[in-house]
2 protein chains.
Amino acid sequence: MESTNEFLSEMYGAHPRHYVAVDCVIFGYNNGELKLLLYPRSFEPSKGNWSLPGGFVQNHESSDQAAIRILKKTTGLDNIFMEQVAAFAEPDREKAARVISLAYYALVRLDQYDENLLKEYGATWYSLTDMPDLIFDHNEMVAKALAKLQYTAGYQLVGSELLPELFTLTQLRRLYEAIFQRELDPGNFRKKILSLGILKRSNRKDSTESKKGAYYYCYHQEGIQEKEIGRIIKV
Amino acid sequence: MESTNEFLSEMYGAHPRHYVAVDCVIFGYNNGELKLLLYPRSFEPSKGNWSLPGGFVQNHESSDQAAIRILKKTTGLDNIFMEQVAAFAEPDREKAARVISLAYYALVRLDQYDENLLKEYGATWYSLTDMPDLIFDHNEMVAKALAKLQYTAGYQLVGSELLPELFTLTQLRRLYEAIFQRELDPGNFRKKILSLGILKRSNRKDSTESKKGAYYYCYHQEGIQEKEIGRIIKV
DNA sequence: ACAAAAGTGTTGTATTTACACCCATGA
DNA sequence: TCATGGGTGTAAATACAACACTTTTGT
């Protein structure tokens, strides 16, 4: 798929081409905790140091598709909520070769994750609060990814990917507490969320988390969670 | 600067490399209006159609540096406020070759702009409200750039690049009205901005814009406009 | 009975919004 | 004097935060 005609060599030929990678900040949610999937780097330089899973953008795929491919390979999951974070393009950000990296973040459910993939590569879920130092500029990628996740979660309900079909408001609150890394008042959160009018109460109740039992809710319609609803949580 | 040892050919060699471009959404501000600098494309395909100024990322420069270089070349200015917007990486976004583009936006003062550069390339400043269709995905770049500018301007005062050293609160308000594309209440804006404590009133007055005259303000200290100040304008 | 989460209500504060209104002055 | 933007004040509405209190039920 090389383009070699005269026009192209005139317009593009004089310019260098670069490896373009996608690195994924994979947030795994389970039970009130947000964790981060890290891989020990399997080759020099920086062998053994922790890093984000990544891969190279191929010729006929978009960076979004590359991210989907990497997520599938590393977690076994597809249909994942995912957003581009930023491009990292310092010329010497990787020692061995120049690689321009596009950072993405993704949200997955820890309980749906394929355990075997963990062992195969020695990957580990780290809590955000006690994760190790990462190679290159991956620390910065994580920081920016979390900031973008918080921004996005502040404008739309991001629950559908991380919670079961039916969920209680407490479950949703714990998810938001994990994303925003702080406690949220149960009563105020409940009122705020319900006032948005995007949740529908089912007639079933959850009895596992409390004696009284809590109603299950679900989204009013598929997709409606992405409509304009103004700020949910102040950032 | 090719890396050809065995390790690299193993780790990187099998992967394709891509042209990486930087496209700049250059917002020019003057007199209450935000304009966009557009170039007629000088070669096929899409010759004559309007596009954002851009260029290719070279071997030893970061994408930020590439953006600075392009801004210098197209406007004659350096030391410009600038932010990365996003990467655009659909495989067929440009017809002739695969180019992954990193969009940036920048803010410049229209009155400092080098007029000669305009004529040389046939570039034109377009008002945001009546700009032509752009090639490729450049329309989307502009939309995302404006959204990011609004987000950033909502958290920090972006005036220092676009206003003179000394400016009146009305001038600052007009800038914010241009950025947010809506009118802002003069009294409320004044109180909000002053409450941030980052402006210092000078003892000089502007007499050109009103009969009464308005005090000039300036930033308390250089750089302070970037400190955390919470939301200025609700987005 | 009581602990613990679900769910509702209340209250004080801060912020936002929409104005009214006085001030200063050039034309 | 009067039109105009500069600048201040105020009142209603809304949003936010803290927390009391009531409900339900498994143990």
Side-chain angles (χ1 to χ4, degrees), chain A residues 31-32 150 153-155 157 159 163-164 166-178 180-218 228-235, chain B residues 31-32 150 153-155 157 159 163-164 166-178 180-218 228-235:
Chain A
N31 223 333
Q150 291 177 345
Y155 274 108
L157 242 34
L163 297 175
L166 291 173
F167 51 87
T168 67
L169 287 172
T170 300
Q171 288 173 323
L172 184 62
R173 175 170 53 82
R174 292 216 196 292
L175 168 61
Y176 267 75
E177 289 176 335
F180 287 92
Q181 308 268 289
R182 63 185 164 95
E183 299 211 329
L184 301 171
D185 182 278
N188 294 338
F189 181 81
R190 149 185 301 276
K191 274 173 288 186
K192 181 75 183 180
I193 296 296
L194 291 180
S195 76
L196 301 173
I198 57 183
L199 293 189
K200 195 171 55 184
R201 200 176 79 178
S202 76
N203 39 21
R204 302 190 44 218
K205 274 192 160 194
D206 164 85
S207 304
T208 62
E209 298 201 52
S210 77
K211 334 231 156 155
K212 180 177 176 183
Y215 279 108
Y216 281 121
Y217 287 78
C218 66
E228 265 313 313
I229 47 181
R231 282 260 108 208
I232 305 172
I233 303 288
K234 201 168 69 175
V235 188
Chain B
N31 223 333
Q150 291 177 345
Y155 274 107
L157 241 34
L163 297 175
L166 291 173
F167 50 86
T168 67
L169 287 172
T170 300
Q171 288 174 323
L172 184 61
R173 174 170 52 81
R174 292 217 196 292
L175 168 61
Y176 267 75
E177 289 176 337
F180 288 93
Q181 308 267 293
R182 62 185 165 97
E183 300 212 330
L184 301 171
D185 182 278
N188 294 337
F189 181 81
R190 151 184 301 275
K191 274 173 289 187
K192 181 74 183 180
I193 296 297
L194 291 181
S195 76
L196 302 174
I198 57 183
L199 293 189
K200 194 170 57 184
R201 199 176 80 178
S202 77
N203 37 22
R204 301 189 46 218
K205 275 193 159 192
D206 165 85
S207 303
T208 62
E209 298 200 52
S210 77
K211 336 228 156 157
K212 179 177 177 184
Y215 279 108
Y216 282 121
Y217 287 79
C218 68
E228 264 313 314
I229 47 180
R231 282 260 108 208
I232 304 172
I233 303 288
K234 200 167 70 174
V235 189

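Chain A is the first sequence line, chain B the second, and so forth, proteins listed ahead of strands; every chain is numbered from 1.
When distances run from any side-chain atom of A/Lys212 to the nucleotides C/dG7, D/dG6, D/dC19, the shortest one goes to C/dG7. For A/Ala214, whose side chain is taken as the heavy atoms from C-beta onward, the closest listed nucleotide among D/dG6, C/dT17, C/dA6 is C/dA6. Of the candidate nucleotides C/dC19, D/dG6, C/dG7, C/dC19 has the atom nearest to the side chain of B/Asp185.
In this structure, B/Phe189 places its CZ atom 15 Å from P of D/dT8, rounding to the nearest Å. One atom, CD1 of B/Ile193, and another, P of D/dG7, lie 14 Å apart when rounded to the nearest Å. When the C1' atom of C/dA5 is taken as reference, atom OH of A/Tyr215 falls 15 Å away, rounded to whole Å. Taking atom CZ of B/Phe167 as the reference point, atom P of D/dG5 lies 21 Å away to the nearest angstrom. Whole-Å rounding puts the B/Leu184 CG to D/dG5 C1' distance at 16 Å. We find that CD of B/Glu183 is positioned 14 Å from P of C/dT17, with the value rounded to whole Å. At whole-Å resolution of the value, CD in A/Glu209 and P in C/dG7 are 11 Å apart. Nucleotide C/dA6 holds its P atom 11 Å from the OH atom of A/Tyr216, rounded to whole Å.
Here CZ of A/Arg190 is found 9.0 Å from CZ of A/Arg173. Values are rounded to the nearest 0.5 Å. Expressed to the nearest 0.5 Å, how far OH of B/Tyr217 lies from CD1 of B/Ile198 amounts to 13.0 Å. Interatomic distance, NZ of B/Lys191 versus CG of B/Leu169, reported as 12.5 Å (0.5 Å rounding).
In terms of position along DNA chain D, the nucleotide closest to B/Pro186 lies nearer the 5' end than the nucleotide closest to the other residue of the pair B/Pro186 and A/Asn188. Both B/Ser207 and A/Arg201 lie close to DNA chain C; mapped to their nearest nucleotides by heavy-atom distance, the more 5′-ward contact belongs to A/Arg201.
Dashed line: the shortest gap from a side-chain N or O of B/Arg190 to OP1 or OP2 of D/dT8 is under 4.0 Å. At the phosphate of D/dC16, OP1 or OP2 sits under 4.0 Å from a side-chain N or O atom of A/Lys192.
Judged by atom type and distance alone, B/Lys211 does not reach the base of D/dT4 through any side-chain donor-acceptor pair under 3.5 Å. Residue side chain B/Lys191 reaches the base of D/dG9 through a donor-acceptor N/O pair under 3.5 Å, judged by distance alone.
For the pair B/Asp206/B/Leu166, no side-chain contact is recorded, criterion being any heavy-atom separation below 4.5 Å from C-beta on. Side chains of B/Tyr216 and B/Thr168 form a contact here, defined as non-hydrogen atoms less than 4.5 Å apart.
Contact annotation for A/Thr170: backbone-only contact, meaning every heavy-atom pair under 4.0 Å involves sugar-phosphate atoms and none involves a base.
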